[in-house]
Protein chains: 4
Amino acid sequence: MPEMPSPRGRRKEARPSEIISAAFALFAEKGYAATKMEDIARAAGVSRGTPYLYFTNKEELFKAMLRDMLLPKLQEGEARLLAMAHLSAGEQLCALLQMWWQLQGETPLAALPKLMIAEAGNFSEVAEMYQKEFIEPGDAMIRALLQKGIASGEFRPLDVEYALTAICAPVVMAMVMRHSLTCCLPAEFDGRRYIQTLCDLLLQGLRAREKA
Amino acid sequence: MPEMPSPRGRRKEARPSEIISAAFALFAEKGYAATKMEDIARAAGVSRGTPYLYFTNKEELFKAMLRDMLLPKLQEGEARLLAMAHLSAGEQLCALLQMWWQLQGETPLAALPKLMIAEAGNFSEVAEMYQKEFIEPGDAMIRALLQKGIASGEFRPLDVEYALTAICAPVVMAMVMRHSLTCCLPAEFDGRRYIQTLCDLLLQGLRAREKA
Amino acid sequence: MPEMPSPRGRRKEARPSEIISAAFALFAEKGYAATKMEDIARAAGVSRGTPYLYFTNKEELFKAMLRDMLLPKLQEGEARLLAMAHLSAGEQLCALLQMWWQLQGETPLAALPKLMIAEAGNFSEVAEMYQKEFIEPGDAMIRALLQKGIASGEFRPLDVEYALTAICAPVVMAMVMRHSLTCCLPAEFDGRRYIQTLCDLLLQGLRAREKA
Amino acid sequence: MPEMPSPRGRRKEARPSEIISAAFALFAEKGYAATKMEDIARAAGVSRGTPYLYFTNKEELFKAMLRDMLLPKLQEGEARLLAMAHLSAGEQLCALLQMWWQLQGETPLAALPKLMIAEAGNFSEVAEMYQKEFIEPGDAMIRALLQKGIASGEFRPLDVEYALTAICAPVVMAMVMRHSLTCCLPAEFDGRRYIQTLCDLLLQGLRAREKA
DNA sequence: GATGAATGAGCGTTCATTCAT
DNA sequence: CATGAATGAACGCTCATTCAT
């Protein structure tokens, strides 16, 4: 009988992550304020007081949850990008967007952008963390690709910062819509085809014109 | 004594819209849950009880506010688009994005996307209204342009629905960031230059290749 | 119909003092921690939320209550003492102790010493206020009498500070016992006779021996 | 290996008294309500659940602690008083007050009066025990001395019960102040000098007048 | 016996809503 | 109509107590 979900005295070290998982799901679905600590506790299969054994209060649980969600993902992306160094800037850019979608857009992490957009105003500390730990590094990768492509003549000269925003927005917005305005997405939304369409658009849009 | 903002004898018909304005500003800034009815009343210069004379409860005020914000804007856009019928599809698309930015992105209405993203999950009725009254008509305009451009050979054939999402996302995301993750926007963000960069990218990205 | 205890919209300015009265009675009887805000509200005839309209939280209510109880009483005592300036130091001392008993020991204020003893450790700010606003001025009066009596030869020389403590203690302790260890007081305790006995003891105890 | 304070194998019989010691220190310092069972357990060096192996609940622990503190002390006082039988009533009274101070006022037991004053109202059973086991016997000794002194003409006739209260109060109050309103005691309070001053005052105050 | 993770009743506090004036 | 004092349900959090190990 390996499994014994006895209500008392269970696996201690699993608790925090179970609570964080429940918190993530509920915060992502309903937002910070509309999520009750009791909901989280029940979703995690524990009693009202248990979350407080591991997290000082609701706000700290929220922040801890974000930390847990954000941090472990980025190294993977950076490592993968290195393996593409031999490709052209355009190929690397498309590979990066696809990877981004697969690592975040197709996983529960896709809920994060919506959550951050909704709560950043009320949790500036969290917003800063999100930006520093997650957005900045991601932006840096794409920015480097754009600069490299422009320098090599593969891409035409563009305002890099604005292009960066315009390139990321479709990926982020697709995640947002999967978790918020679902009605605004095509009924049978296929994320990979969507990213492919985006890449087609961007690749031709960025390319330097052939001198006839 | 033409107008005297006496506490009682003010133009009464203005009350509801003053309350709605205050509600809009506060809901947009802090979200639904974090906005107190008392804050709205105070911001509108009325007492705690007055909003309830015009709106059944907080949720109805929220919905009424959204209706008031959304509906009056769309006719204007549609009218303007008609005047561009003589332009090419690409020119019309750029003109439309610029107009969109000017009519919403540069006005207080830019706060709406963030608000909808944050609250759609808790107010499905509101989300449906937003989609039907605001997003659908806007999407329809752009969809029509894309189809027309493809049909005429000006644009290359693309998956219209996915392209549509990818085209709108950068505009929407810029509005969101102005109201939520401000840190993620370039410090001196110039919306019109941003839209221009986006149009450059899209126009070339959409164009059909010249044969030969 | 002058009285109309309608549950809503009643005499506003009476509320804070009604709440303070209820709080005083309950805090004095049960101590700070064992007194629930709900008890206070019910005792004051209001609902759970009403005390918070007038006092930030339980602690502030406690402090406000003490301020209200302490401050108004001292001027009266000082004024009365002035009227006794023509008496001997011993006569003044006895008159002062009797007055003290009548102004505090026989009124609800007699509950204060017990309350302060019980809570001073957990509310140092309150304890300081109590000492500064209440004890210090009272001590100063008695100290001055002792010094005057010693200087004039009416009292024999004594360590004034220790005598001061020993003189006040019986008065304070009688108040404490009326509200706490009631069992330790004679069954038919007559405060005025008690003070008289104390004065007899003190007057003779303090008197300088007649030479010869 | 004569003694090794290993976490488990410690002398078990000591557990309850270690818990009582910790409880006494904390209850005396912070009061009943503000003292958490967990604090007591930690201070006693045991785990959260251990106190419940020896005491039914917090209230029983409180009562057991008081019993343990109170009972063992009184025999000693009575024995010592017997040894003074040859002294005058006044000398015996002073010796008794000094002994009282030394046996209680200068030991941790000095914390008891404050604790009893604070909690008697919420624990009438405890208050009765305190009075019966501690106060009554002490009062009886002093009462007997007063009666004897009056009968022999050493003391003038006084209301014995009230004098009794007035005589004990300064001793008790000094203990209270050391643990509660410390600010109200002279900065360098010397208990023995204080008792001496009190005795000077009382001896002269009680003495029968010499018939001139 | 001893542990400490877990429980859940209970309290302080907030705020949407009401209604006497 | 407008006010704002009052209400009371609901939620965050604490801590005495339990019990599987």
Side-chain angles (χ1 to χ4, degrees), chain A residues 4 6-15 33-41 44-59 61, chain B residues 7-10 12 15 33-42 45-61, chain C residues 4 6-15 33-41 44-59 61, chain D residues 7-10 12 15 33-42 45-61:
Chain A
M4 180 172 42
S6 67
R8 289 284 176 102
R10 230 181 351 177
R11 60 238 121 96
K12 171 177 74 161
E13 55 282 1
R15 274 288 141 75
T35 298
K36 298 175 226 163
M37 286 298 275
E38 187 174 359
D39 295 341
I40 295 172
V46 299
S47 73
R48 296 248 294 282
T50 300
Y52 293 95
L53 297 177
Y54 302 100
F55 307 97
T56 308
N57 55 33
K58 189 180 179 184
E59 188 169 342
L61 169 56
Chain B
R8 286 293 174 103
R10 260 180 322 192
K12 299 177 190 171
R15 274 288 151 73
T35 297
K36 300 176 218 165
M37 287 297 275
E38 185 181 358
D39 294 342
I40 295 172
R42 191 169 28 237
V46 299
S47 74
R48 228 190 190 74
T50 300
Y52 291 92
L53 297 176
Y54 302 102
F55 308 97
T56 309
N57 55 33
K58 188 181 181 183
E59 188 170 342
E60 291 304 319
L61 170 56
Chain C
M4 182 172 41
S6 67
R8 287 282 174 105
R10 231 181 349 177
R11 61 238 122 94
K12 172 176 76 163
E13 54 283 1
R15 273 290 140 73
T35 297
K36 299 177 224 164
M37 285 298 275
E38 188 174 359
D39 295 340
I40 295 172
V46 299
S47 72
R48 296 249 293 281
T50 301
Y52 292 94
L53 297 177
Y54 301 100
F55 306 97
T56 308
N57 54 33
K58 188 181 180 183
E59 189 170 341
L61 170 56
Chain D
R8 286 295 173 101
R10 260 181 324 192
K12 297 176 192 172
R15 274 287 152 73
T35 297
K36 300 177 218 164
M37 287 296 276
E38 185 181 359
D39 294 342
I40 295 173
R42 191 168 31 237
V46 300
S47 74
R48 228 190 191 72
T50 301
Y52 290 92
L53 298 176
Y54 301 102
F55 307 97
T56 309
N57 56 32
K58 188 182 180 181
E59 188 170 340
E60 290 304 318
L61 169 56

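Chain naming here is simple, since letters A, B, ... match the order of the sequence lines and numbering starts at 1 in each. In what follows, every heavy atom counts, from backbone to side chain, and hydrogens, waters and symmetry copies are set aside.
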Subject >> dA20(E) - base-pair partner by Watson-Crick or wobble geometry, distances under 3.5 Å >> reply: dT3(F)
Original post:
Using purine N1 to pyrimidine N3 plus N6-O4 or O6-N4 for Watson-Crick, or N1-O2 and O6-N3 for G-U wobble, both under 3.5 Å, which nucleotide pairs with dC15(E)?
Top reply: dG8(F)
**OP:** By nearest nucleotide on DNA chain E, pick out whichever of L53(A) and S47(D) is the more 5' one.
**Re:** S47(D)
In whole angstroms, how far is the [atom2] atom of [N] from the [atom1] atom of [X]?
X      : N       : atom1 : atom2 : result
Y52(C) : dA5(F)  : OH    : P     : 19 Å
D39(D) : dA16(F) : CG    : C1'   : 12 Å
R42(B) : dA2(F)  : CZ    : P     : 19 Å
F55(D) : dT17(F) : CZ    : C1'   : 16 Å
M37(A) : dG10(E) : CE    : P     : 21 Å
K36(D) : dT17(F) : NZ    : P     : 15 Å
K58(B) : dC15(E) : NZ    : P     : 9 Å
E38(B) : dG4(F)  : CD    : P     : 11 Å

**OP:** Just compare dT7(E), dC13(F), dA5(E) and give me whichever is closest to any side-chain atom of V46(A).
**Re:** dT7(E)
**OP:** State whether T50(B) places a side-chain N or O below 4.0 Å from either non-bridging phosphate oxygen (OP1 or OP2) of dA2(F).
**Re:** no
**OP:** Mind checking the CZ-CD1 spacing from F55(D) to I40(D)? Nearest 0.5 Å is all I need.
**Re:** 9.5 Å
Original post:
Side chain of K58(A), backbone of K36(A): donor and acceptor closer than 3.5 Å?
Top reply: no
**OP:** For T56(B), report the nucleic acid contact type (base, sugar-phosphate, nothing); a contact means any heavy atom under 4.0 Å.
**Re:** nothing
Original post:
Are any non-hydrogen side-chain atoms of M37(C) and L61(C) less than 4.5 angstrom apart?
Top reply: yes
Original post:
Under a 4.5 Å cut-off applied to non-hydrogen side-chain atoms, are T56(C) and Y52(C) in contact?
Top reply: no
Original post:
Is there a donor on the side chain of R15(D) or the base of dG1(E) sitting less than 3.5 Å from an acceptor on the other?
Top reply: no
Subject >> Distance-only donor-acceptor test (3.5 Å): side chain R48(C), base dT13(E) >> reply: yes
**OP:** Work out which heavy atom in P51(D) is nearest to a heavy atom in V46(D); give both atom names and the distance.
**Re:** CD-CG2, 4.1 Å
